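Read through the structure below, which is laid out as structure tokens, and then see the notes.
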Amino acid sequence: CWQLCPNTLLWMLILGGIAASETVDRTWYVRNLATLSSALNFTEWKDVAEEVENYLWLESACDAGGRSLWNEVMNDRLLEVYDMTEFEDF
């Protein structure tokens, strides 16, 4: 169902992830954003920010938290790629 409105889901996960800062739920948002952003081919915060600005988004209130979350998302994606390359030799 999310395939019908993937950018709306992206926005919802980002706002939820910002709100979940310093909670145990943050990891859930990071992992789901990593999966979704990979499927949508987003690799740069500027591209993500440009997309979420189409929704309820106040840059002065959301950008710093969004950037921080995005850094975690990209780290998660890089770790996943690294974990997968460990098994290529088998």
Side-chain angles (χ1 to χ4, degrees):
C1 181
W2 68 268
Q3 292 92 345
L4 297 174
C5 301
N7 294 333
T8 303
L9 178 59
L10 177 74
W11 169 74
M12 291 187 306
L13 289 172
I14 290 173
L15 284 186
I18 292 170
S21 182
E22 300 183 31
T23 71
V24 296
D25 296 321
R26 176 80 162 209
T27 303
W28 184 88
Y29 287 97
V30 169
R31 288 185 180 150
N32 282 284
L33 276 166
T35 301
L36 179 62
S37 64
S38 180
L40 297 175
N41 295 315
F42 282 117
T43 58
E44 301 289 331
W45 170 247
K46 65 179 180 62
D47 298 325
V48 175
E50 186 176 299
E51 182 56 44
V52 296
E53 287 174 356
N54 292 317
Y55 301 88
L56 181 61
W57 185 263
L58 182 59
E59 184 176 348
S60 62
C62 300
D63 193 64
R67 282 180 186 275
S68 175
L69 177 63
W70 185 250
N71 289 336
E72 290 179 50
V73 168
M74 291 308 295
N75 285 336
D76 191 74
R77 285 175 60 178
L78 289 173
L79 287 173
E80 186 174 313
V81 169
Y82 177 75
D83 286 344
M84 292 175 71
T85 59
E86 283 185 35
F87 299 104
E88 287 181 355
D89 295 335
F90 290 103

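No experiment lies behind these values; they were computed from the predicted model shown.
Under a 3.5 Å cut-off, the side chain of Tyr55 and the backbone N or O of Thr8 do form a donor-acceptor pair.
When every heavy atom of Trp57 is checked against every heavy atom of Val52, the shortest pair comes out as CB-O, 3.5 Å. Nearest approach of Pro6 to Gln3, heavy atoms of both residues: CD-O, 3.3 Å. The two residues Leu69 and Gly17 come nearest to each other via the heavy atoms CD2-CA, 3.8 Å. Closest of all the heavy-atom pairs between Cys62 and Leu15 is SG-CD2, 4.3 Å.
One distance of note links CG of Asn41 with OG of Ser38; it measures 7.0 Å at 0.5 Å rounding. With rounding to the nearest 0.5 angstrom, the CZ atom of Arg77 is 5.5 Å from the CH2 atom of Trp70. Atom-to-atom distance recorded for Ile14:CD1 and Leu9:CG is 9.5 Å, nearest 0.5 angstrom. One distance of note links CH2 of Trp45 with CG of Asp63; it measures 6.0 Å at 0.5 Å rounding. With rounding to the nearest 0.5 Å, the separation of CG in Leu10 from CG in Asn32 is 11.5 Å. Leu13 CG to Leu33 CG: the interatomic distance, rounded to the nearest 0.5 Å, is 4.5 Å.
No single ILVMFWY cluster, assembled from side-chain heavy atoms under 4.5 Å apart, contains both Val24 and Ile18.
Residues Ser37 and Val73 form a side-chain contact, since some pair of their non-hydrogen atoms from C-beta on lies under 4.5 Å apart. Using a 4.5 Å heavy-atom cutoff, the side chains of Trp11 and Leu56 are in contact.
Among residue pairs with one or both ends in residues 41-52, none qualify as salt bridge (charged side-chain N to carboxylate O under 4.0 Å, His left out); sequence neighbours excluded.
With sequence neighbours excluded, the residues that form a side-chain contact (heavy atoms from CB on, under 4.5 Å) with Glu72 are Arg26, Val30, Ser68.
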